[in-house]
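Encoded as C-alpha cells, the structure appears first; notes follow it.
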Amino acid sequence: MYLPPIGQDNPPVMSVLIVDDHPSFRASARRLLEAEGFNVVGEVADGHEAIAAALELKPDLVLLDVQLPDLDGFEVAGRLAALGLPSAVVLTSSRNAAEYGPIVAETPMRGFVPKAELSGAILTDLLSL
Amino acid sequence: MNRHLRYVGAVGVAGAAYWLAAKVGLQLAYLHGSVAALWPPVGVGMAVLVLYGPRLWPGIVLGDLAVADFSQPVGTVLGQTVGNTLEVLIAALLFYRLAEGRTQLGRVRDVGALVVAAGAGTAVSATFGATSLRLGDVIPGGQLGAVWRTWFLGDFSGGLVFAPLMLCWVGMRVDAITPRQALEGSVVTALIVVLALLPSQRDVPYVVFPVLIWAALRGGPRGASGAAALVTTLTVFNTAHHAGPFVRATTTQSLLATQLFVAAAAVTSLVLGAVIEERHAALEALREKERRLRDSRARIVKAGDAARRRLERNLHDGAQQRLVSLALTLRLARIQLEKNPAETDHLLIEASDELQCAIDELRELARGIHPAVLADRGLGPALEVLADHAHLPVDLETHIPRRLPSTVEAAVYYVAAEGLTNIAKYAHATSATLRLDASNKSVVLRVGDDGAGGADPSRGSGLRGLADRVDALGGKLELQSPPGHGTLLTVSIPYER
C-alpha cells in the first residue's frame, strides 16, 4: 500500500514532462530532478510529441528545450498556452536567454533556465513566483 | 543512291553559283570579253568550297567551262580551267587551315589568312592562265607580264571582296536583324550609292572611306564585307562605263588604279570589322569571366557561412552537450553527497568520463578547423598524418624543398583530405596514392586510387568548394575518372616565393 506524503513539511510532488532531442540531457535531467523530489512523468524528443504528451499527461511543469527538430520551443510554448493547458512552461537551452532576443519576453512561459544551471531548486523558485 | 544524287545536285548548284558570279563579273569587264578588274567567281567559289566542303570542286570545273571562251584553242581553254579550279581549291583549303576553321572573319588573323590564301590561289591561276594564253598564241609574248598582273589582281580582288561577302552573309537569319540594324544598313547602303553616283566623287575616291568605316564599326565583319562589296562593285562598274575617279588614258592603267583601290578598300574594311569583332569577343569573354568570378565569390562566402554553421552545430551537439551533462551530473553528485554518499563515487567517475569525452570531441573539432600539424610543421608532415588516419592504405610521396605560402598549403591539404575522404566513401578502392611535387613556382598534388572510377565531378559540393578555393589562388583542379580505371584528382597551384 502506498500513501501519498501528508503534512506541510512535504510540499506536493511536482510532475514534470521533459522535452529535448538529446537523450543524454533527458537522462541527466531526469536523474537530477528525481533526486530533488520531482516526479518525471514523461520524456519526448520533439515539439509535436511535446504537445501531445502535455495534453495527455497534464504535467505541472513542462521543461522545454528551445532547439527541437520540428517546432522550436517558443512555438511549442505558444501553442500550449493557446490550448489553455494549466502546465507551467520553463524553457531551457545550452544557450543563454539573451542570445534569442526579444522573443523570450514575448513567449508565454514561467521562466528560462540555461541547461547547465538546471536544478530542482531553480525550478521550484520559478514555479512559486 | 540518294547520297550520290544529293552530291551531284550540290556540285550542280556550286557550278551554277560560279557561273552566275562569272556572268556578273563580265558585266564589270573593262573590255568586252574577259578582262575584269574584279573577278567575283574566285570569291564565290572559295566561299562555296569553304562552307560546303572541298569535294564540290567539280562544280568549279563545270562553272568555269560554262563561261569559257571556246574561240580560243582547246588547250588554252583547258589550261585556264585547270588553273581556275586549282586556284579556288587551294585558296579555300589554305584559308580554312590558316583560319583554323573560323570562317566568319571575326579575327584579324582570319583576314590575314584570307589575304594569304587568296594570294596563293590567285598566283596559281594567273600563272596557268597567262601561260595558256601565251602557248595558245592568244597574246603576244610581250604582254605576258601585264596579263599575269591584271589576271592576278582581278582574281585577288574578287577573292577579297566576294569570299567575305558570302562567308559572312550566307546562313544569316533574317529574323535576327533588328529594325534598327535594318534602318542603319539601309542608310549606309543609300549613302554608298549616292557617293558612287555623285559627280564630286570623280576626283575624291576616298569619300567612301568614312562610310566603310561606319559600316565596319557598327556591323563588324558582316557590315564591313557588305559595304566593301557594294563600294568596290559600284566603283568597278563605273570605271567599266568610263565614269568615276579611276578612268585613265589606257585600259591597263584604269585596271591597275581600280584594282589597287578595291584591294585597299576591302582589306581595310575587313581588318577594321575583325578588330571590332575581336573587341566584342574580348568584352564578352570578360563579362563571362566576371560572372564566373562573382558566382565563385558568392559560393566561397556561402561555403564560409555553411562552415561556421556546421561548426556551431558540432560544438552545440558535441562538446557543449557533454559539458551540460557534466554540470548536471556534478550537481547531482553534490545532492547525493548528503542523501546517499555511496552513490557519489559512481557519479564522479561518470563525470570524469564525460569530461574526457568532451575534451576528445573538442580536440577533433579543433583539428578539423585547421590542423595544427599543417601550421606548425608544414605540408609534408600534415599529409603523413592524413595518410596515417585514412581508411585505406595510402602510398605517400612528397618532393617539397621548403614551406609554401600558407594559403597554398591549406588548399593542397584540403584537396588531399577531401580526395581521400571521397575515395573511402565512393571509390571501392584497395589503396590510394598521394604525390606532391613542389617546384620554385608551383605545386602539384595528385590523389589517385585503384577503384571503380566514373566519379562525377559535379557530385559533391565538397569538390566544388575546393575548386573555388584553388581557382581563387590561380590554380587548376582536374578530375580524371574513366569507369573501371580508378580516379586521379590533380591540383596545381602557382605561387610566388
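Here is how names work: the chains are called A, B, and so on, in the same order as the sequence lines, proteins then strands, and each is numbered from 1. Just so you know, these numbers use all the heavy atoms, side chains as well, and skip hydrogens, waters and symmetry mates. In this text, all values refer to a predicted model and were calculated from it rather than measured experimentally.
- Contact detail for B:Gln336 and A:Ala35: the closest heavy-atom pair is NE2-CB, 4.3 Å.
- Proximity to chain B is limited to the side chain of A:Gln67, based on heavy atoms less than 4.5 angstrom apart.
- Between B:His316 atom NE2 and A:Ser94 atom OG the span is 3.5 Å, to the nearest 0.5 Å.
- When all heavy atoms are compared, the tightest approach of A:Ser28 to B:Leu328 is CB-CD1, 3.9 Å.
- Within the 4.5 Å cutoff, the side chain of A:Lys115 has no heavy atoms near those of the B:Gln320 side chain.
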**Asked** Given A:Arg31 and B:Glu350, is the salt bridge (Lys or Arg N to Asp or Glu O under 4.0 Å) satisfied, shown in steps?
**Response** CA-CA 13 Å; A:Arg31 265 192 331 188; B:Glu350 195 180 308; 2.7 Å; yes
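- Within a 6.0 Å radius of NZ in B:Lys289, other residues, nucleotides and ligands contribute 12 heavy atoms or fewer.
- Here CZ of A:Arg95 is found 4.0 Å from CD of B:Glu312. Values are rounded to the nearest 0.5 Å.
- Annotation for B:Arg313: atom CZ counts as buried by contact number, over 12 foreign heavy atoms lying within 6.0 Å.
- Contacts of B:Leu315 with chain A are absent, with no heavy-atom separation under 4.5 Å from either backbone or side chain.
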**Message:** Please evaluate residues A:Leu118 and B:Val324 with respect to the criterion side chain to side chain contact (heavy atoms under 4.5 Å, CB included), reporting the C-alpha separation (whole Å), side-chain torsions for both, the decisive distance (0.1 Å), and the verdict.
**Reply:** CA-CA 9 Å; A:Leu118 178 67; B:Val324 163; over 6 Å; no
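- Across every non-hydrogen atom of B:Arg331 and A:Ser119, the tightest pair is CD-CB, 3.5 Å.
- When the shell of 6.0 Å around NE2 of B:His485 is examined, it contains 12 or fewer heavy atoms from other residues, nucleotides or ligands.
- The number of heavy atoms from other shown groups lying within 6.0 Å of CD (A:Glu99) is above 12.
- Both the backbone and the side chain of B:Asp317 come within less than 4.5 Å of a heavy atom of chain A.
- Atom CG of A:Leu32 and atom OG1 of B:Thr329 lie 8.5 Å apart (nearest 0.5 Å).
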